[in-house]
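What follows is a short report on a single structure.
Every number for a ligand or one of its atoms is a count from 1 in the order of the listing. These numbers come from the heavy atoms of this one structure, side chains and all, not from hydrogens, waters or symmetry mates.
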Amino acid sequence: MIDQRRLVKTFKQLVTIDSLSLKEGAIMRFLKKELAGLGWRAAFTGRPAGGEVGSLVFLVPGFKSKGPRLLLNAHVDTVVPGKGIKPIEKGGYITSDGSTILGADNKAGVAVILEILRIIKEKKLSHPPLQVLFTVAEEIGLVGAAALPPSAVKADFGLVLDGGEIDKVVCRAPNQYNFVARVYGRAAHAGIHPEEGINAIKAASAAIAKMKLGRIDQETTANIGMIHGGVATNIIPDEVEIRGEARSHRLAKVKKQIGQMEKTLQNECRRHGAVCKIRFARIYESFNIAETSPLMEKAIAGMKASGIRPKIAGTGGGSDANIFNALGVPSLIIGVGADNVHTTKERLAVRDLVRGAEIVLSIIKEFNRD
Ligand SMILES: [Zn+2]
């Protein structure tokens, strides 16, 4: 039923429009026009700070169906290097020319939603009411979804199209906390008055060396991802900035982990005579959708009807689904076939793109109610 040629063409068209996070103006204008051509008036909402545009949202009334309202979401932004993408189709795969990412994460999701909107209209397929939402700035920490006014997300269940294998349903994701720590020491000439200095880099390193990082347990991870400081080899550095994160499927565990990281920093800084100031931010909340929930039942049934045996999985990453779940809309993540994402080797199998669209359509049908 899916029009493969049209879907592939749409996908290629989408990836050639640059849309780095917060720079989604051009792609959103394109989408708004495409949607207008289909008769849908989409509106912008929730522009994040520093962003060109907000997310694009509209409602599609149910057709011959009184099913619950279903949110269909895909983020439109891509990671770097993502400017001037040239899609190349060869041997059943679409790749970039090797100098950029492909942007199948997540233009594949966007293309699938457009194709579904076209097909349900053309074939007059019965479907439940849909809320279509294209989000911005997902890749930089769900900033676009987080900027949405809560009242803008109005659905009973959500399908977030994003990422990898098309037979995978992600129903669990962790909590994440980020922190920025500034360690202040005292500057002094490293050769003439080293006794007068307090080395901020040394204090910070001592703390990091004592931290438990990486995989803490099955559902908890921690990382120090950035460290910046110092100006010259002959100056004892008086300031260093550290950025890190912790994630866990359990809130108590992530809080404990973050607490330990903070305590280690404070203790070591004190021991070195330095001062540490830390700012925390809760980036997103975890979610866990039971296999017996109506949403999971329908997703599994839809995949089976499409000839797929679903793999039910959790993820260690966050996505816009975390935000929708926190807003009270139970939402799952469905893969769209993107492979080697966030690298210049990213690729998309044409077969997966088409199958992915069929699967999503099949899941939507499961929500139909007379
Ligand atoms: Zn993505």
Check your understanding: Between the side chains of His342 and Asp105, does any donor sit under 3.5 Å from an acceptor?
Key -> yes
Point to revise | Under 3.5 Å side-chain donor-acceptor pair for Arg282 and Asn175 | key: yes
Exercise for review: Check the side chains of Ser126 and Asn368 for a donor-acceptor pair under 3.5 angstrom, ignoring hydrogens and angles.
Suggested key: yes
Review point. Do you know which N/O/S atom name in Asp105 is closest to the Zn ion (ligand 1)?
Key: OD1
Practice item. Tell me yes or no: between the side chains of Thr220 and Lys256, is some donor less than 3.5 Å from an acceptor? Key: no
Review point. Of the backbone and side-chain N, O or S atoms of Glu138, does one lie nearer to the Zn ion (ligand 1) than 2.8 Å?
Key: no
Point to revise | Shortest-distance N/O/S atom, Asp162 versus the Zn ion (ligand 1) | key: OD1
